[in-house]
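The structure appears below as structure tokens.
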Amino acid sequence: MPSHVTYAYIRQNPDIREYIRRADLSLSAIGYTEHSFSHVEKVAQTAAMILETLDYSPREVELARIAGFLHDIGNVINRTDHAQSGAVMAFRLLDRLEMPVQEICSIISAIGNHDEGTAQPVDGISAALIIADKTDVRRSRVRNTDFLTFDIHDRVNYAVEYANLHFSEDLRAIILELKIDTEISSVLEYFEIFMERMLLCKRAALFFDRKFKLYINGSNIL
């Protein structure tokens, strides 16, 4: 039986929005970059774009959107193991909405497998979520307004002037293009922070039998 639970409904649900808002406040308190609606909505749309391009079904695309929107709610409990706690929270929320168990499994599996410490691309939705989440690098995610007190995370994110995730023309590669102001942060610093995430994106792309490529300032880095 088709599910009545849609991305539009999840996105507008006041309880879910409060979990996301409070999760972001928790991360703000410990100095993390923005993980609020701007981030989760971008992740939702990017994950959907990946599956649409690869001809997944419209419902699978919708589930990827929902997983993207919900993926960081576990941060309201603690940053540590937030993927697993977020998956349990999502299970309760979606079960109460009487979403079919097969769909709940797809969403909570993706959420539970998105953090680089424990992540594994176990299906298309989880692979798309991994890539969408780990490639959301942009200046506007930096909360710190005092450039003089930037740590390495602030510098690396703030240095990104342009970021674009797209498929190659032949659809054989998923490409992240970045333009970095090397006066603010070096390419080496970028890799110091993001190497593990980029390698995870490479694993996720391999699930789709695609390559993951990274271009920084026009040079092929990965």
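No experiment lies behind these values; they were computed from the predicted model shown.
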Practice item. Please check if any side-chain donor atom of Ser57 sits under 3.5 Å from a side-chain acceptor atom of Glu60, or the reverse. Key: yes
Review point. Can a donor-acceptor pair be found between the side chains of Gln120 and Ser126 at a distance below 3.5 Å?
Key: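 Judged by distance alone, the side chains do not pair up.
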Could you give the distance from [atom1] ([X]) to [atom2] ([Y]), rounded to the nearest 0.5 Å?
X: Ile111; Y: Asp72; atom1: CD1; atom2: CG; answer: 9.0 Å
X: Asp95; Y: Glu98; atom1: CG; atom2: CD; answer: 8.5 Å
X: Arg155; Y: Glu183; atom1: CZ; atom2: CD; answer: 13.5 Å
X: Thr182; Y: Ile216; atom1: OG1; atom2: CD1; answer: 11.0 Å
X: Asn75; Y: Ser28; atom1: CG; atom2: OG; answer: 12.0 Å
X: Ile180; Y: Ile221; atom1: CD1; atom2: CD1; answer: 8.5 Å

Check: [Y] main-chain N/O paired with [X] side-chain donor or acceptor under 3.5 Å:
X: Ser219; Y: Tyr215; value: no
X: Asn157; Y: His153; value: yes
X: Arg17; Y: Asp15; value: no
X: Gln45; Y: Arg65; value: no
X: His71; Y: Gly68; value: yes
X: Asp151; Y: Asp154; value: yes
X: Asn220; Y: Leu222; value: yes
X: Glu41; Y: Ser38; value: no
X: Ser168; Y: Ala173; value: yes

Would [X] and [Y] show up in the same hydrophobic cluster when neighbours are defined by side-chain heavy atoms closer than 4.5 Å?
X: Ile130; Y: Ile73; value: no
X: Leu25; Y: Leu70; value: no
X: Leu129; Y: Phe194; value: no
X: Ile131; Y: Phe191; value: yes
X: Leu199; Y: Ile193; value: yes

Are [X] and [Y] side-chain neighbours, meaning at least one heavy-atom pair lies under 4.5 Å?
X: Ser109; Y: Asn113; value: yes
X: Ile66; Y: Tyr9; value: no
X: Tyr162; Y: Arg138; value: no
X: Ile104; Y: Ile107; value: no
X: Asp115; Y: Asp81; value: no
X: Leu188; Y: Glu192; value: no
X: Leu178; Y: Asn217; value: no
X: Val43; Y: Phe69; value: no

Exercise for review: Answer with yes or no after comparing the ring centroid distance for His114 and His82 against a 6.0 Å cut-off, counting only values under it.
Suggested key: yes
Check your understanding: Can you check side chain to side chain contact (heavy atoms under 4.5 Å, CB included) on Ile20 and Ile16, steps first, answer last?
Key -> CA-CA 6 Å; Ile20 293 171; Ile16 291 171; 4.1 Å; yes
Review point. When you measure from the centre of the six-membered ring of Tyr158, is the NZ or CZ of Arg139 under 6.0 Å away and within 45° of the axis?
Key: yes
**Study point:** Cation-pi geometry met for Arg21 and Phe37 (6.0 Å, 45°)
**Key:**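 No; the conditions do not both hold, so Arg21 does not lie above the ring face of Phe37.
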May I ask you to decide whether [X] forms a salt bridge with [Y], counting only side-chain N to carboxylate O separations under 4.0 Å?
X: Glu103; Y: Arg59; result: yes
X: Arg172; Y: Asp209; result: yes
X: Glu34; Y: Lys42; result: no
X: Lys134; Y: Glu116; result: yes

Looking at every heavy atom in both [X] and [Y], which two are closest together, and how far apart are they?
X: Leu165; Y: Phe212; value: CD1-CE1, 4.3 Å
X: Met198; Y: Leu176; value: SD-CD2, 4.1 Å
X: Ile108; Y: Ala87; value: CG2-O, 3.3 Å
X: Leu51; Y: Gly124; value: CD2-O, 3.7 Å
X: Ala47; Y: Ala132; value: N-CB, 3.5 Å
X: Ala23; Y: Val76; value: CB-N, 3.5 Å

**Study point:** Test log, rule side chain to side chain contact (heavy atoms under 4.5 Å, CB included), inputs Ile174 and Lys211
**Key:** CA-CA 6 Å; Ile174 301 172; Lys211 294 180 179 179; over 6 Å; no
Exercise for review: Could you give me the CA-CA distance, side-chain angles and deciding distance for Thr149 and Asn144, then say whether side chain to side chain donor-acceptor pair (under 3.5 Å) is met?
Suggested key: CA-CA 8 Å; Thr149 62; Asn144 189 355; 3.0 Å; yes
Check your understanding: So Ile50 and Tyr56, side chain to side chain contact (heavy atoms under 4.5 Å, CB included) or not? Walk me through it.
Key -> CA-CA 9 Å; Ile50 292 169; Tyr56 276 69; over 6 Å; no
Check your understanding: Parallel under 30°, tilted from 30 to 60°, perpendicular over 60°: which one fits the rings of His35 and Tyr32?
Key ->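 The arrangement is perpendicular - the two ring planes meet at more than 60°.
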Practice item. Could you please spell out the steps behind the side chain to side chain contact (heavy atoms under 4.5 Å, CB included) verdict for Glu177 and Ile175? Key: CA-CA 6 Å; Glu177 287 188 74; Ile175 300 169; 3.9 Å; yes
Point to revise | Over 12 foreign heavy atoms within 6.0 Å of CZ, Arg143 | key: yes
Practice item. Step through the shown structure and confirm whether more than 12 heavy atoms of other residues, nucleotides or ligands are within 6.0 Å of OH on Tyr19. Key: no
Check your understanding: side chain to side chain donor-acceptor pair (under 3.5 Å) between His39 and Asp133: does it pass, once the steps are laid out?
Key -> CA-CA 8 Å; His39 172 61; Asp133 181 42; 3.0 Å; yes
**Study point:** Candidate list Ile10, Thr6, Val5, test side-chain contact (heavy atoms from CB on, under 4.5 Å), partner Glu62, passing option
**Key:**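 Of all the options given, the one that passes is Thr6.
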